[in-house]
Visitor: 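Below is the structure I would like to discuss, written out as structure tokens.
Just the heavy atoms: all of them, side chains too, but no hydrogens, waters or symmetry mates, feed the values below.
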Amino acid sequence: MVEQVDLITISGLWVNMSEMQNMGKIIQLQGVNFFYCNNPVLEDVDLEVSCGEFIAVLGPNGGGKTTLIKLILGLLSPNSGQVRIFGREP
């Protein structure tokens, strides 16, 4: 019998689904700051999402929701702090 391996790609990283279930933190942000033209958008953001958790990002227009998602996806880089997806930079 051939073992089926479910692979998914998240933010450009290939991840084995069975291994993912044994991991602790899937998304980690530590002390993240981001500025557009010297205007602070996100300041000192800490976030941890574990395997199996669901989150919602809520806030007013211009509150930094899209910027947060872009940082997690690796489309933007923080001015300071760390973003980790499965323990690696996105």
Side-chain angles (χ1 to χ4, degrees):
M1 175 183 271
V2 176
E3 180 182 341
Q4 180 179 350
V5 177
D6 294 319
L7 294 175
I8 60 169
T9 182
I10 299 175
S11 191
L13 300 173
W14 286 97
V15 179
N16 183 324
M17 287 296 292
S18 62
E19 290 177 8
M20 186 175 84
Q21 293 171 351
N22 296 327
M23 297 178 113
K25 306 298 182 220
I26 303 301
I27 299 171
Q28 292 179 295
L29 282 76
Q30 296 175 330
V32 170
N33 292 289
F34 188 83
F35 300 83
Y36 283 116
C37 300
N38 295 324
N39 295 319
V41 178
L42 297 172
E43 294 182 285
D44 199 28
V45 174
D46 292 317
L47 172 69
E48 290 186 346
V49 180
S50 296
C51 183
E53 290 184 328
F54 292 88
I55 64 167
V57 181
L58 306 173
N61 292 345
K65 300 176 300 292
T66 300
T67 300
L68 176 67
I69 300 300
K70 286 181 176 181
L71 286 164
I72 292 169
L73 292 174
L75 300 175
L76 296 174
S77 296
N79 294 98
S80 62
Q82 289 188 332
V83 178
R84 296 275 186 247
I85 307 297
F86 301 107
R88 296 181 252 168
E89 291 186 9

Visitor: Residues in ring-ring contact (aromatic ring centres under 6.0 Å, His included) with Tyr36, at least two apart?
Guide: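 Here the qualifying residues are Phe34.
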Visitor: Side chains of Phe86 and Ile26, heavy atoms from C-beta outward: is any pair under 4.5 Å?
Guide: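 Yes - at least one pair of side-chain heavy atoms lies under 4.5 Å apart.
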Visitor: Would you say the side chain of Pro90 lies within less than 4.5 Å of the side chain of Leu73, judging by non-hydrogen atoms?
Guide: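 Result no, sub-4.5 Å side-chain heavy-atom pair not found.
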Visitor: Go through the steps to decide whether Thr67 and Leu76 satisfy the test side chain to side chain contact (heavy atoms under 4.5 Å, CB included), and finish with yes or no.
Guide: CA-CA 8 Å; Thr67 300; Leu76 296 174; 4.0 Å; yes
Visitor: So do the side chains of Leu71 and Val32 get within less than 4.5 Å of each other, counting heavy atoms only?
Guide: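 A side-chain contact exists here, since the closest heavy-atom pair is under 4.5 Å.
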Visitor: Indicate, with yes or no, if Leu42 and Leu58 share a hydrophobic cluster defined by side-chain heavy-atom contacts under 4.5 Å among Ile, Leu, Val, Met, Phe, Trp and Tyr.
Guide: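 No, Leu58 does not connect to Leu42 through the hydrophobic network.
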Visitor: Show every side-chain hydrogen bond (donor to acceptor under 3.5 Å, both in side chains) that has at least one partner inside residues 69-79, sequence neighbours left out.
Guide: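 For residues 69-79: none.
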Visitor: Any link between Leu75 and Val41 through a network of hydrophobic side chains (Ile, Leu, Val, Met, Phe, Trp, Tyr) touching at under 4.5 Å?
Guide: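 Both belong to a single hydrophobic cluster.
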Visitor: Go through the structure and list residues passing side-chain hydrogen bond (donor to acceptor under 3.5 Å, both in side chains) with Ser80, not counting sequence neighbours.
Guide: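 Listed in chain order: Asn33.
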Visitor: For Ile69 and Thr66, run side chain to side chain contact (heavy atoms under 4.5 Å, CB included): C-alpha distance rounded to whole Å, both residues' side-chain angles, the deciding distance at 0.1 Å, then the answer.
Guide: CA-CA 5 Å; Ile69 300 300; Thr66 300; 5.7 Å; no
Visitor: State which residues pass salt bridge (Lys or Arg N to Asp or Glu O under 4.0 Å) with Glu48; sequence neighbours excluded, sorted by chain then number.
Guide: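 For Glu48, the residues satisfying salt bridge (Lys or Arg N to Asp or Glu O under 4.0 Å) (neighbours in sequence not counted) are Lys25.
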Visitor: Could you please spell out the steps behind the side chain to side chain contact (heavy atoms under 4.5 Å, CB included) verdict for Gln28 and Gln82?
Guide: CA-CA 8 Å; Gln28 292 179 295; Gln82 289 188 332; over 6 Å; no
Visitor: Under the salt bridge (Lys or Arg N to Asp or Glu O under 4.0 Å) rule, what pairs show up with a residue in residues 53-67, not counting sequence neighbours?
Guide: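 Output for this query is empty, none listed.
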Visitor: If we only count heavy atoms from C-beta on, is the Leu29 to Leu68 side-chain gap below 4.5 Å?
Guide: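 A side-chain contact under 4.5 Å exists here.
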